[in-house]
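Hydrogens, waters and symmetry mates play no part in the numbers below; they use all other heavy atoms, side chains included. Along the sequence shown, residues are numbered consecutively beginning with 1.
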Amino acid sequence: MANSIHNLLSRNLSGVYRDPQRIHRDVETLLNTSLGLNLRPKTEPLTSNDGTVTPSVLVLNGTLPMVYRNVTYNIPIDLYLPPQYPQCAPIVFVRPVSNMAIKENHRHVGRDGRVYMPYLHEWGAATHELRELAVWMSSLFGSEPPCYAKPAGAPRVSSIAASSNVAASSYGSSVGHHPPPYAQATQSTVQASQQSTTASSSYNSYIPPDFCCNGLSAEEQERLKQQQIEKEVAEANLAAKIAREESLKEAKLKAEKARLEKDREEELSSMRVMATSKVQYELQVVFRDAKDDLRVTLKNQKLLDYGKEEIQQLLKEGEERKEELMALNDEMDGAVKSLEGWLEAAEIQQQQEVENDNKNSSSQSSKVDQLALPVDTHSSQMLQLAAENAAIDDCFYFLDKSLAQKNIPLKVFLEEVRKLSKRQFTVKAHLIKISEAKASNPFGG
């Protein structure tokens, strides 16, 4: 059955309904109940009063069970689902067979067979459904049957046995809206019944067999009528009791549905809480790791900044030291130039003094130079080397004195000492060799 409904909605009725899943669910729920066992889905166009024909819609055709006087009867019905369903209420018609007729002045069924009831008038897409509609119709029809059996020989009324294609004759006034107001519908039904034809009035003159009391006294007839009334009251009370039981069943079903929805909502809430807790835990882990990484990054950044400051300080100190060394270098170059100028001036002055001494006391100097005269070449060399060695010692003395008095810089002092030391070493080595040579040959020339 579910496959047939799905096939009808997907193939024959594709694009007719806005919410085919809701229709499939409602129809399947009704057909799976005891009230919908004899209903079969099919497709059929719906014709309005002005002759407008809608595309084929889903129709549930069959019988609806009702209980009247402890006996179960099946009422033929056609239940149309208009294209606007579930926003628009279903359209239901009672379809009496050839030996049945619709009861005149019925509160819930018009002369054309259309069903009017508060449940249809108050229809809401979120609060009403087909299963509850079937329960309502079964209960109302059980308390007041919409059909009765025709007496033998009664004429057939063509308005009651209209074709199914014109079944929804009232559809044009209710498309996109709720059914007519309940009181208005019943009032129009009563007025239509009062204006019925002579053929239909024959049904009103029909008296059930229980009231055919020919041959009885008036008192017995009155007693029988009283018994009949009491019986009908008892049956009405029974029908009301059945309706109440059905209402209780519906209330229990609604309570169970509400409980299941509540349990489902609690389960969903619990799942949401668990999911939220898990997400929060994962986020805390991510935030903690990010915080640790950020802390390490900040620490490294601080170290880099500190190292950068140290490097900049060292570069600054290096630049300052460089400037100091360059200043010292410039100062040393000036001192070297001053010393060179002083040496040149001293040499010039010494030459002048020597020249003056030579001019003024040439005789005395000749005598001094002739105090020690070498007799051979080795002696002459040793005399010159010894004089040079003594002169170097004198130079060391005066250089050391000049350094102590800060007349010359250390660099110049070291350079001069190094040159003079090398020269003194050579002179002393030469003296030792000449001495050794003279010792081995004391009489050599």
Side-chain angles (χ1 to χ4, degrees), residues 290-362 364-365 368-369 372 374 377-437:
K291 186 177 180 180
D292 294 339
D293 294 341
L294 183 60
R295 186 184 296 110
V296 173
T297 302
L298 290 175
K299 184 178 179 180
N300 293 334
Q301 185 64 35
K302 287 183 179 179
L303 292 175
L304 291 174
D305 293 340
Y306 179 74
K308 181 179 179 181
E309 292 178 357
E310 286 188 345
I311 293 173
Q312 291 177 351
Q313 185 65 25
L314 291 175
L315 289 174
K316 184 177 179 181
E317 293 178 356
E319 290 293 333
E320 293 177 354
R321 184 61 178 169
K322 179 181 178 181
E323 292 177 358
E324 291 178 358
L325 292 176
M326 290 178 68
L328 292 175
N329 188 22
D330 294 339
E331 184 180 354
M332 188 176 294
D333 291 339
V336 169
K337 291 181 179 179
S338 299
L339 182 59
E340 290 178 351
W342 178 80
L343 290 174
E344 290 178 357
E347 289 179 354
I348 294 172
Q349 184 178 2
Q350 186 179 6
Q351 290 178 359
Q352 291 178 355
E353 291 178 352
V354 170
E355 290 178 355
N356 292 331
D357 291 340
N358 290 331
K359 290 179 180 179
N360 296 328
S361 57
S362 57
Q364 293 178 0
S365 60
V368 171
D369 292 335
T377 304
H378 286 167
S379 297
S380 177
Q381 290 178 351
M382 288 181 68
L383 182 58
Q384 292 178 358
L385 291 173
E388 186 176 358
N389 183 32
I392 292 174
D393 289 336
D394 292 340
C395 188
F396 283 153
Y397 171 76
F398 287 107
L399 284 173
D400 185 63
K401 189 175 180 180
S402 298
L403 180 63
Q405 294 177 358
K406 296 183 180 181
N407 293 326
I408 60 172
L410 179 61
K411 183 178 180 181
V412 176
F413 173 79
L414 294 176
E415 290 178 355
E416 295 298 328
V417 168
R418 186 165 47 251
K419 290 191 295 183
L420 293 174
S421 297
K422 290 181 179 180
R423 181 59 185 168
Q424 188 176 36
F425 177 78
T426 304
V427 169
K428 288 181 178 182
H430 200 180
L431 284 172
I432 293 171
K433 287 184 178 181
I434 293 175
S435 299
E436 290 176 353

Practice task
Might you work through the side-chain contact (heavy atoms from CB on, under 4.5 Å) test for Glu317 and Arg321, ending with a clear yes or no?
Solution key: CA-CA 6 Å; Glu317 293 178 356; Arg321 184 61 178 169; over 6 Å; no
Handout entry: For Gln381 against Ile434, the heavy-atom pair lying closest together
Key = OE1-CD1, 3.3 Å
Handout entry: 4.5 Å side-chain heavy-atom contact, Glu331 and Leu328
Key = yes
Fill in the blank from the handout: Separation between CD (Glu340) and NZ (Lys337), nearest 0.5 Å, reads 9.0 Å
Problem - Rounded distance [0.5 Å steps], CG in Leu343 versus CD1 in Ile348 - result: 11.0 Å
Problem - Value rounded to 0.5 Å, distance of CG in Leu294 from CD in Gln301 - result: 11.0 Å
Handout entry: Any donor-acceptor N/O pair, Asn300 side chain to Val296 backbone, under 3.5 Å
Key = yes
Distance-only donor-acceptor hits, side chain of residues 394-408, under 3.5 Å, sequence neighbours excluded:
unit_1, atom_1, unit_2, atom_2, d
Ser402, OG, Phe398, O, 2.9
Gln405, OE1, Asn407, ND2, 3.0

Exercise for the section: Report the distance from atom NE2 of His378 to atom NZ of Lys433, rounding to the nearest 0.5 Å. Expected result: 12.5 Å
Fill in the blank from the handout: Value for CG (Leu385) from CG (Leu431), rounded to nearest 0.5 Å, stands at 4.5 Å
Completion exercise
The side chain to side chain donor-acceptor pair (under 3.5 Å) partner of Glu388 among Lys428, Arg423, His430 is Arg423
Practice task
Go through Lys302 and Asp305 one step at a time and tell me if the salt bridge (charged side-chain N to carboxylate O under 4.0 Å, His left out) criterion holds.
Solution key: CA-CA 5 Å; Lys302 287 183 179 179; Asp305 293 340; over 6 Å; no
Practice task
Could you tell me whether Glu416 and Lys419 have a side-chain N and a carboxylate O separated by less than 4.0 Å?
Solution key: yes
Problem - Interatomic distance, Leu410 atom CG to Met332 atom CE [nearest 0.5 angstrom] - result: 7.5 Å
